[in-house]
Every structure is written in structure tokens, then in C-alpha cells.
Amino acid sequence: MKKEIKIIFKKCILIVIIAMSFTFNINSQVIVENPKKIKVAAISDWKPFSYLDLEGNSKGILIDFWKAWGRVNNVEVKFIMETSWTKTLELIKYGKADVHIGLFYNDDRSEYMDFGSPFIDLMTGIYVKEDINIFNINDIKDLGIGVTKENYARHYLENNYPDTKLLVYQDIKEVMEAVRKGKVKAVCIDYHNNFRKISFYYPELKDFELLQTIYTQPLRVGVKKGEKELLNFINDGIKKMSVNEIDGVKSKWEYITIYLTKDKVQKYILTASAIIIIFLIMNILFLRHRIALGIKRLAESEESYKELVKLFPHGIFVQQNDRVVFVNEAAVRILGQESYENIIDKRFIEFIQEDYKETVQSTIDKVKKSKITAPTLEQKGIKSNGEVIDIEITMNEITYKGKPAILTIIRDISRRKEREKEKQKILREKLKYERLKTEFFSNISHELRTPLNILLGTIQLINKVSENKNTHVHYDYYNKYSPIMTQNCYRLLRLINNLIDITKIDAGFFKMNFRNYNIVQVIEDITMSVAEYIKSKNLNIIFDTDIEEKIISCDADKIERVVLNLLSNAIKFTKAGGSIFINIYDKNDIVCISVKDTGIGIPKEEQETIFERFRQVHPLLNREKEGSGIGLSLVKSIVESHGGNIYLNSEYGKGSEFIIEIPANLKVEEESVLVDKISTEDKVEKINIEFSDIYS
Ligand code: ADP
């Protein structure tokens, strides 16, 4: 870049030097003898061209022009000021002055004068008092126009407007005197093109305005006839005057036009051309530089685009004529393809799952036809291994390598979809749980209210009967209603116990009391304790065991609750005449306890969730079978607290089997093996509680 600028600079300097030397050559062609001093015949009252100010100094446009001429040509310029044109012309005629300050050409004058080329314009116009309502020179025919005797304007008006009345005065001073006195209301005066300032030179004309310019003529240099060399010298001197010199005069007197001589025009054209050429060369060089820079930037931006496309996490496809012509790395990866070649030249819809092909194809057609950006669609793509993936597709029309194409961006949304599914599942479960909770609370209220109602009703009945004097009647009532009251109290107790237990489990305070027990005996004892009861329900109870003794570490009290709970369910959901089987299997390090019935069974869809809290199968259908849906979840928690598992085998309508597996561990620190220490009284109480919601 720096090097290039240096080159441009060198070239510019060279061109400027060439242009300058050419310019100087033109100037140096004029070789004249320098007269050192020149006398210029000037007029003392020809404002603003040449005049004497109040201090007697020569002033005016032409005065300045000649002063500038003298400076440029290193010639002393002396002005000889005369009050009339005749006198200035005589100065030239008789050789008392070298050059006239500026005058028009006419045949009379050419008899004794030689004229140079025009160098400044002079305008002559008629100024009229503002308040006079006239529009052109013909309207002031009779008004009279003030002119000076010797001014060319007088001859001009006499020749061109012979009908117009002229008021002729000796000099401009007299004209202004007449204006001041109001004798003259129109004057004919020479001015330069800043006519608005005429009152600056002639304050008497402050109320006057320009009516009409009658002529514009160029002023020329005039020398005594035969003084050709002098004329050339003066003319060449004018040529030498630079723009700056002329500008100096122009800016002082504003808007005046000083002619540029032909040579000067040439010089300016040359300089201007040189500048234009330099400018053009510089532009070309800059342009070249910028093009180079542009190409470099283009290459850089192309590189960054490539990098961007490469790093873009979504798949990019460009299709032309229904074929993929460009594909990025992400697209290859998303589609599980091995390389680009597997995609290039194929149809995009080949990578779309069968059911979605039609929609995708119609989107492609739409984009092609209407040149729109298709809204993002969720579709399914197909990977090379046949795996279906969820993708999001965006398509729009672009120009690729000068031809219309379709840009397709695919986004692998499989994970998002999975997350959505998971979220949906969680939401469903939450809703299910909420529903269950609602069911539970309605159920629990029912569970609480039913025994309480029964209790209250019974108490009210007994109270009524107690009014009866016959004690026998009291006794009968007591005998009849006491078991009902007891059962309902147990029922309430069970419910509250269960609620307390699940709360304890949730809070982690469910206390287990592990000791070494003969599990076979524990199960057999509790079964035997309820055998009679079960039989009374018209159900068969069959107990069988592989082994007589299996000492394991367990909480016997909790195991009894488990068995009672399962038996209570079996009783509840098995019709009279059905059977209940309790089996113990020894699997060495595991003890299996099975509680099986030939009852109504549990539908398949409910089996997975049966151990969930508050879960009841068809709660409304089961309304006649009381329960809170806490039992099995408690059973499961107790079994799991033993490090065991619980399974269900059931066929709807045929029966259910709950299998408990408990690891056969021993509590090491205990020396002796404990036998069942639970009193029969405790057991009865427990049975009463666990079986409290069985109604015949
Ligand atoms: P509950 O405390 O109400 O008895 P459970 O958790 O013990 O609650 O049982 C939940 C539900 O499982 C019962 O309401 C019933 O619908 C079903 N169920 C449990 N055991 C059996 C079984 N042996 N036969 C048929 N259904 C059963």
C-alpha cells in the first residue's frame, strides 16, 4: 500500500513538472526590452475605472490593473491624470504618455493610435431616479438624460436614440451637481458589472437604479501609432499576468471581467488538463489499488463464508434443477452420511422420510414458483442407516453461481423433540399425580367419614336404647353393635396409621426394627391367625412352604403387616368359594413369599402402577370395596426397606399373585436367633386393624 502511494506521488510530481515547464516555455517565448518605466494616460473622474480620490490618489479598476501589470513586469507605472478624454488622447498623440489606460477602438483614434487586444469590458447604462415610473429608454425621451460632453455614450445615444433629449455637461462633476439640484433625473454612465454599487462611487445616485444597459464594449490598450514594440511589450506583459494578479484586481472591484488572452487560455487549459490527467491517473491508480484490495477482501470474505458454512451447526443444501449441488459438513453429519458425494447430485427429498416427502416436495415447488421464503417446517429426515430423525426445514430462493437455486437449511431437532416428549411425560405424570391426589383426598374423606358416620349412628342408637328400662334390650343392642363400632374404630386407626407411615416414609423417619427371625414361622403364624377368619368368608386358605426354617434379619412386625395387607386385599377381591394360597420358597440367598388368590384380578394396564401411592383399580367400580390406595405402596416400601422386591402376576378375571423377595441376610452381631416374640394379643389387634376394611 505504502509503495503504491509512493509511486502515485512520483508520477504526479513528474506530471506537474512537465506541465509547469511547458507553461514556462510559452512564457519564455516573449522576450522584450524592459523599459523600466511606463507612463499611463488616465482620466481623473471616470469612476470606477480611473479617478482621483479626495486625497489626490489614483484609484479605479484600470489603475489597479495597470499597477498589477507593472508588478508582474517589473516596470514602474506612472499615471498621468487628465480631466478630459481629449487631453488623455493628446498625451498619447504627442508622446507625452506611453499607453492609454483603456479605451474603445474607433477609426478616428486609429489614425494616430495603435490598439492592443481587448482586456476588460466596460458597460454603459442609463440610471433613473427610483420614483420615476418608466420601463425603458423610450419612456424618458423628454425627461432628458445627463451625459458628459466627451463620453462615447453621448455619441452613441445621439446616433442610436436621436429623439431622446440629452442634457450635456462639461464633466461628470457637473452632471452630479445637476443631479443634486434635481435638474437631472436620468444619467448615462459607464459602470462595471457590479452596478448595484454605483452610489458607492457617486453618492448623488443613491436613489437611482439601472434602467437599461445600452452597450457593453471591450476596452483596449492604446499606444502612439507606430509604437509596435511597445504595444507588443504591453500585450505580452498582460499575458504574463497570472490568475492571481488578475484575481487580485477582480476581488477588489468584484465581478469585473478581465479578458484572458489566448495564450493565457492555452496555459490554463494546459494546466487544467495536467491536473485532470493527474487526477485521472491518481484515480486509476487508486482504483487499481482498490480493485486489488477488493479482490483481496473478496477472497478473504469468501474464505470467511466458507469457514462460516463449514462451522454452521445446521445442514445447508443448495438445490438446482431438483438436484443438490452444494452441501455443508453439518448436513453430511445430520444425515449420517459418510461423505458429500453421497448427497451431491441427489434429490433432496431422498433424505426425507416417506410420509413427509409430499409436503417437502410441494414446499420446494412453492419456493421455486413464488420465490418466497417457506415457513419453517417440522419434518422427518432419514439417515443413511435408516434411522428416522426429527428435522426442521427452512427454504428460500437464492441465486447460486448466477442461476436460481433453492437454499435449504435443516436443523436436527431430535434432542429437542425428545426433551419435549420427556416434558410431556413429566407433565402427564404430574397431571396423573394431581388427579390421583384429588381422588385420594375424596377417597380419604369418604374413608374417614364412613366409619365415623357408622360410629356416630351406632352411638346415637345405643343412647336411645339406653332410655329403655329393660336391661336385656341394652345387652342385645350392645352385643349387636359393639363389633361394628370396634371394626370402624380399627378402620379409622388403620387409615390414620397408614397415613402416618407414608408421611414417615416420605420424611425418612420410618423406623425399621431389624432382628433375626425365622421368617417361615413369622409368615405361618400370621397366616394361621387369620385362617379361621378367611374360612368364615367362605374362602379356602392354603399355606405351603419349601422349608421349615429360614432365619433372616427382618422387621417381623412389618412383615406381618405386609402379609396381612396382601391377605386383606385377597379377601376383599376374591368371591366366596375362591381360594387364597400362601407359599414360601427358599432360593438360598432369597426368600420368596407368594400371596395368590383366585379373585377378580387386575387389568394389565393397571399392573405397572398398582404399587403407586393412592392407586386404586377402577376406584368407582370398587367403591363397595373400601380402601385408600395406600396399602400396596406401604407394602412395597416395607419390602424395599428389607432390600427386597415385590412383583405382581395377575390376569384380569382369574386372580392375582403378589410375590415378595427378601434377601436372606443375618444380623451379624446377634448371637442367638430370636423366635417370634410378638404376643398373640398384639397380633389380634394388628389383624383387626389390617382387616378392618373388609365387609362381608
Ligand atoms: P387399599 O388400601 O385401598 O386396599 P391397596 O394399595 O392395598 O389399597 O390396593 C390398591 C388397589 O389394588 C385396590 O384398590 C385394588 O383395586 C387393587 N388390588 C390390590 N390387591 C388386589 C387383589 N388381590 N385382587 C384384585 N385387586 C387388587
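Counting convention: from 1, in listed order, for ligands and their atoms alike. Positions are given from 1 along the sequence.
- In this structure, E606 has no heavy atom closer than 4.0 Å to ligand 1.
- Counting the atoms of ligand 1 from 1 in the order shown, those under 4.0 Å from a heavy atom of K572 are 4 (O).
- In D597, the part holding a heavy atom less than 4.0 Å from any atom of ligand 1 is the side chain.
- The contact set between ligand 1 and G601, taken as ligand atoms under 4.0 Å from a residue heavy atom, comprises 25 (C).
- Heavy atoms of S650 stay at 4.0 angstrom or farther from ligand 1.
- Using a cut-off of 4.0 Å between Lys/Arg side-chain N and Asp/Glu carboxylate O, E350 and K357 are scored as not salt-bridged.
- With Q361 as the fixed residue, the side-chain hydrogen bond (donor to acceptor under 3.5 Å, both in side chains) test singles out one of T359, D365, T363: D365.
- Among the atoms of I600, none of the N or O lies under 3.5 angstrom from an N or O of ligand 1.
- Across V324, I343, D322, V318, a single residue satisfies side chain to side chain contact (heavy atoms under 4.5 Å, CB included) together with F348, and that is V324.
- Atoms of ligand 1 found under 4.0 Å from any heavy atom of I610, numbered from 1 in the order shown, are 12 (O), 17 (C).
- D501 has a carboxylate O that lies under 4.0 Å from a charged side-chain N of R561, or vice versa, which qualifies the two as a salt bridge.
- At a threshold of 4.0 Å, the pair R333-E329 does not count as salt-bridged, since none of the basic side-chain nitrogens sits closer than that to a carboxylate oxygen.
- At least one heavy atom of N565 lies less than 4.0 angstrom from ligand 1.
- Salt-bridge formation is not detected for the pair E397/K368: no Lys NZ or Arg NE/NH1/NH2 atom is positioned less than 4.0 Å from an Asp or Glu carboxylate oxygen.
- At a heavy-atom distance under 4.0 Å, atoms from both the backbone and the side chain of L632 approach ligand 1.
- Close approach of ligand 1 to F658 is summarised as follows: ligand atoms under 4.0 Å from at least one heavy atom of the residue are 20 (N), 23 (N).
- Around NZ of K558, the count of heavy atoms belonging to other residues, nucleotides or ligands within 6.0 Å exceeds 12.
- Residue contacts with ligand 1: S633 is placed with no nitrogen or oxygen under 3.5 Å of a nitrogen or oxygen of the ligand (distance criterion only).
- Ring orientation note: the planes of Y400 and F326 are tilted relative to one another, at an angle of 30° to 60°.
- Remark: distances from the non-hydrogen atoms of G599 to ligand 1 are all 4.0 Å or more.
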